[in-house]
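Letters A, B, ... mirror the listed sequences (proteins, then strands); counts begin at 1. Worth saying up front: this structure is predicted, and the values here are computed from it rather than measured. As a basis for the values below, the full set of heavy atoms in this structure was taken, side chains included, without hydrogen atoms, waters or symmetry mates.
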Amino acid sequence: MSQPIFAVVGHPNKGKSSIVATLAQDDSVRTTPKPGTTVKCRHYPMRVDGQVLYTLVDTPGFQRARRALAWMKQHETSVTERPQVVRAFVETHRHSDQFPDECELLGPLIDGAGILYVVDGSRLYGEEYESEMDILRWTGQPSMALINSIGCEDYIEQWTTALDQYFKVVRAFNAFTAEFAKRLELLNAFAQLRESWMHPLRSAVANLKADRIRRRTHAARAIAEMIVDMLRESVTQKLADAHSDLEPLKATLGLKYKDRLRKREQVGHDEVERIYTHHEIQRRENAFEIMDEDLFSQQSWLLWGLTRKQLVATGALSGALLGGGIDAALGGASFMVGAALGILAGGASVWFTYDRVADVKMLGLALGGRALRIGPTQNPNFPFVVLGRALLHHGLVADRTHARPHELEIHHPDAYTRPQPLKGSDRKALGRCFTRIRRSDEFQSTAKVADVLTQLVDGILTGIPSPPSQTP
Amino acid sequence: MPGVDEATHYNMTVEDKAQPLLADLVDLATQTKHDAETDPVERMRRDRGIGQDLDHLKGQHHKQLSHWLQRVGEPQQLRYGWQAVQAQRLVTMILVILGLIVGWAAALTVFHYDGSRPVNVVHVLAVFVALPLALLALFVLATLPREFMRLIPGAEGLQDTLSLLNPGRINTLIVRMLPQTWRLALQRATGQTQAHRRLYGRVQKWALFHWSQSFAVAFHLGSLTGCLYLVTFSDLAFGWSTTLQVDAGQFQSITNALSWPWISFWSDAQPTSAQIEITKFFRHEGMPSIAHESQSWWQFLFACMLCYGLLPRFGTYALSRWCLVRGIKDAMIHTPGVPQLLDRINHEWVETSAESADESTSGNKSRTAQAHEVNLVGRHIHVVNWAGIGFDDHAIIELLDHHWGITVREVRQAGGAQELDQDQHVIDELAQAPNDTAAIVLVKAWEPPMMDLVDFLVDLRQAMGSGRPIVVAPIALRKDQLSVPSQIDLDIWRHKLETVGDPWLTLRHLPKELT
C-alpha cells in the first residue's frame, strides 16, 4: 500500500507554504508576503522511525491557469481521458519555459497525490480561480479545499459555497493560529479522501500525539533543570586581604551573579524552543529583576574548606576524646562529666576562635582566609517568578505555528507584585520542592528533587490553556 | 593476534564480556560529551536504530546504556572505563593486603605471651570487640542520610568530620603512585574534576566506604588468622585483669552478654563462672599459676572477634558495595545527556520537516525600465476590467471621473473567467484605437500579479506599439467598500510590473486618498 501524498496547491500568496510549515512543524519553510517565493516542489515526509506515513508537497502557485486549461480543452477527447490529458500537458511542457509553474505543481498530482487546494478566506471570491479548480478537477485526484485566513475579513461562507462545487471536503484552517488539536483534526480529515489512506493517517495522528506528550515532558525537564540551576547559582570571590573594602567587590559580584542568572534563563528558554523545533524565533522579553537584599554572605574557610559548623563538631569531638580520657583516668568516678565538658569546651573554643584561626599561617601558607559569596538567593518567591516566566514562554511557544513570523515578543508581568496563577496544592508542592533543592548538598538528592519538580511542572503544563495568540 | 588490528580486537573483547558498571559510568560521560558535538539528526538516527535493536531490553536502562556504549564507543574512549576499573581493583587489593598485614600484626601484638604474664582478655576485648563496635557506630553515623542528620543539632558537622577521617582516604596516597593513565581514569570515575563533583559525589562517598570496609574485612581476617595461628602453633595462657572495681560475677555478666549470639550452638565458647574466678590475676602478685581453664578462653575470644569484628564488617562491606552500585547506576542515569539519550533510544522518532534545503527564490530577472509619469487628462481612455472587479461599467466610469478627472470612452472585460479569445479581442480593439489612447487596466490590489496578466500586458504593448500609455490601477476593497490599497500590495504590484520592462507602463493606484 503506497503511503499518501498531498500536494498543497492554489493561487500564489494564499498561504500554501504557511500551511505546510504549520503541518510539518518546520519554520525553515520560506513564507513571505511576496508572491512567487516557492518555485520548486518541496517534499515534507512525516516519518516514524524512518517509515514514511504521509508526505506533504509544497508547490508553486498557478500562473497561467487559463492558458493551461485552454490547451487541455484543445486536446480533450472525452471526460474519461481528462487525467491523461493533464499528464500529456505536463510531459509536453515540462522542459519549456511556457508553463514552468503549472508543470511543477501538476507533477505530484499526475503521480497520484491528493489535492489540498488553499484559498484566502479573508478575501473576496474571484472568478479567476475557476480555471485552476477546473484543472484540478481534470486530474481526477481526491481533493480537499482549505480556507486559510490571512487578513481580518471574513468571506468564508462565500468561499465555501463556491468550493463545495469542486471539492469533496472543504475546511477552514488558519495556518497562523491553528493549535495542535486543530492540526490533528485536519490530518483526520485527510483520511476521508481515500480509504486506503485511513490507516497510515490514523497511525500518523497517534504518533504525533505521543510525540507531543514527549516534547511537553522534555520541556518540563528543561524548565525544572533551569530552576534548579538558578536556585543553586552563586558566585564566590576569595579576598586577598581580610580587611579590604567590600563595597566595590559587592557591586561587581552582584552584576556577575545577575548576569549568570539571566543567561541561564535564556539557555532554558532556548532549549524549550528547540524542543518544539522553533529554530528561527527571535525572542524579545523583559529580563526579570532579582529582588533580594540579602544576597551576600561573608564566610571564612579553612584548609579543608570546612565551615564553622563543621569545625565546631570537630572541636566537640576532640573535646569529647580529651574529656573521655580524663573520665577513664578517674576510674569512672566522674560519670562522664569530663567528656561532656570537653564537648562544650571544644565546640565553644572553635566557635570563638574561628576567625583568628582563619588568619593563621603555617610554613608561609595561610591555613585559612575569607571569601565573599553572593547567592544563592533566599527570596522564597524567586523560583516562582522563574517558573511563571517559563510557563508563559512555554505557552506561547508550544502552540505557536511554524508559519508565524519569527519575532516573538513576550511581556512578563511583574510577578513579584502579582501572585502566580497556580493551584494551591501545586504551589505547596512546589514550595516543598524548592526548599529541598536549596538544602540538598549531594547530587543524588538534588537529582531526585529535580525529577519530582519535572513531574510537577509537567502536570502544570498539561493543565494550562495556551495564552491568547498574538496576531501575525 | 597477528593480522588483526587493535581496534577490531578491542571491539571483540568488549562485545564478548559485559563491562563493569564503573567502566560504563566513565565511558558514558566521555561518550555523551563527545556526542554533544555531533549533528543532532545523525545522532537521533543512530540512537533510534540502536534502540530498535534493543527492544527486548525496554525498561532496563542500565543494560541499554551498556549495549549502546559497545555499539557507539570508540575503542580509544572505551579504554578509560577499563583503566578506571583496573585502577580501582588495584587500590582495593593494596588495601586488602594492608588490612591483612595490620590485622595479623595487631593479633600478634595483643596475643603476645612471653610467659611473664597471661594474655589479658580485657585487652583482647578492648581491641577486637569494643573498638570495632565503636568504629562501626561511627561508620553508621557517617553513612546516615544527610536529611536525617540535619534533624540533629551538630550531626552534620560531625558527619563531615568523620568523612575526613575515613580510612578509605588512604586511597589518595595509593592513587598518587599509580601510572598517570590509571590515575586519570580513576579520577574520571570518581568525578574529581570540579564540573562533575556534584554528579559523582555519592559514587565517591561509597567508593571510599567500600575501600574502607575492604580494609576492615581484611583487618579482621588477618587478626583472626593471627589468633588462630598463635593458638594452634604456640602455647597461650589467658587471664583477665583490670584496674576497675569489677568482680568475677560482674565480669561473667559481661561475657554472658557477649556470648549470647552463639550460646545455643557453641557452648564451649562461653566462659564458665569457675573459669572466670580462677583466671583473674593481679600484676602485683606476679605470674599466676596457669590453670587449664585459662587456655579455654581462646574459643570465647575467637567467637567474639568473629561475631563482633568480622561478621559486621562483612555486612558493612556488602552494604557499601550495594550503595556503590546504586550510586553508580544513579549517576549513570543522571549524567548530562543521558536522559535525552534514553529518550532517543526508547521512543519513536517522528520527523515532519523537509527532505532537502529550501532553494532560494528564482525571482524573475528584472527588466526594469524607468516609467514615465503619464498625464491622462485629454486622452482617449479605454478601461480593461481585469478579472471582474466588483463594479459595473457605470460605476467604473464615475469612479475614474471623480478621482482622476478623466472621461472613459469604453470599459471592456478581460482575464478572470473570460476566454483567451476575449482577451485577444480586447487587445485587437485597443490596437485600433486612436494614437492618443491610454489604456487603464483595473486590477484587484489584494490579488498577486500573475503571469496571465503579464502576458496580456506584453501582448497589449506589442499591439498598441510604443509610446501609448498603459496604466495598471490596483483597487482595494474593505468590507465591500472602496479602500486605499496597502503599501505591501502596491510594492508587490510595482516590483512585478518593473519586470515587464515597459517604459510606458505605469502603476497608479485609485484613489490616492479617500474623500
Side-chain angles (χ1 to χ4, degrees), chain A residues 11-13 23-26 28-30 33-37 39-40 42-50 62-67 70 101 123-124 126-128 130 153 207-208 210-211 214 218 221 277 304 306 309-314 316-317 331-332 439-447, chain B residues 45 48 52 146-147 150 154-158 160-161 164 198-202 205 243-245 327 330-331 334 339-340 343 347-359 361-364 387-388 390 415-417 419-420 444 446-452 455 477-479 488 492 495:
Chain A
H11 224 61
N13 223 26
L23 292 176
Q25 299 179 103
D26 187 342
S28 73
V29 178
R30 286 174 165 267
K34 191 178 150 192
T37 308
V39 293
K40 286 283 182 196
R42 203 168 170 222
H43 290 67
Y44 295 81
M46 189 262 179
R47 287 195 184 98
V48 176
D49 286 341
F62 282 98
Q63 289 289 339
R64 294 182 167 109
R66 287 191 307 150
R67 283 179 200 263
D101 300 287
R123 296 298 191 181
L124 274 167
E127 59 189 35
E128 62 269 29
E130 287 164 19
E153 295 182 52
N207 276 287
L208 284 170
D211 182 62
R214 207 167 51 83
H218 276 198
R221 177 165 286 281
T277 58
W304 294 293
L306 293 178
K309 270 198 302 192
Q310 290 164 340
L311 281 175
V312 167
T314 312
L317 184 65
R439 283 188 187 164
S440 66
D441 297 324
E442 295 180 347
F443 180 85
Q444 250 62 30
S445 47
T446 313
Chain B
R45 187 171 289 128
R48 184 59 199 138
Q52 286 174 301
R146 201 72 177 172
E147 291 79 11
R150 215 168 266 130
E156 265 186 287
L158 188 60
D160 288 333
T161 310
L164 289 175
R198 212 187 290 156
L199 174 64
Y200 297 121
R202 192 164 146 193
K205 170 184 166 179
T243 313
L244 301 173
Q245 303 295 320
D330 253 353
H334 290 101
Q340 293 83 354
D343 186 74
H347 291 106
E348 288 81 8
W349 180 25
V350 176
E351 300 171 85
T352 53
S353 53
E355 286 178 316
S356 56
D358 197 358
E359 293 178 15
T361 60
S362 66
N364 288 331
E419 297 288 337
L420 291 171
K444 297 171 184 172
W446 64 89
E447 292 290 353
M450 311 266 280
M451 289 308 293
D452 202 19
D455 291 343
L477 289 175
R478 194 148 292 150
K479 294 189 170 106
I488 292 174
I492 289 171
H495 288 314

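Atom CG of residue A/N207 and atom CD of residue B/E351 lie 12.0 Å apart, to the nearest 0.5 angstrom.
Considering only heavy atoms from C-beta on, B/T352 stays 4.5 Å or farther from A/T277 through its side chain. Looking only at side-chain heavy atoms (C-beta outward), A/R67 and B/D452 come within less than 4.5 Å of each other. Side-chain contact between B/M450 and A/E128 is absent, with no heavy-atom pair separated by less than 4.5 Å. Taking the side chain as every heavy atom from C-beta outward, A/H11 and B/P448 approach each other to under 4.5 Å.
Within the 4.5 angstrom heavy-atom criterion, only side-chain atoms of A/R214, from C-beta onward, approach chain B. Residue A/Q25 touches chain B through both its backbone and its side chain, counting heavy-atom pairs closer than 4.5 Å.
Of all heavy-atom pairs between A/D49 and B/R48, the closest is OD1-NE, 2.6 Å. Closest non-hydrogen pair, A/P45 versus B/S353, comes out as CD-O, 3.7 Å.
Remark: the backbone N or O of B/M451 is paired with a side-chain donor or acceptor of A/Q63 at under 3.5 angstrom. Between the side chain of A/D26 and the backbone N or O of B/A354 there is at least one donor-acceptor pair closer than 3.5 Å.
Looking at residues two or more places apart in sequence or on another chain, you find a side chain to side chain contact (heavy atoms under 4.5 Å, CB included) between A/R123 and A/D120, B/W446, B/D489. Under the rule for a side chain to side chain contact (heavy atoms under 4.5 Å, CB included), the partners of A/E153 that lie at least two apart in sequence or sit in another chain are A/Y155, B/R478, B/K479.
Each of A/R66, A/E130, A/R64 has some count of heavy-atom pairs under 4.5 Å with chain B, and the biggest count is that of A/R66. Most heavy-atom pairs under 4.5 Å with chain B: of the set A/R221, A/H218, A/R47, this distinction falls to A/R47.
A 6.0 Å sphere centred on CD of B/Q52 holds more than 12 heavy atoms belonging to other residues, nucleotides or ligands.
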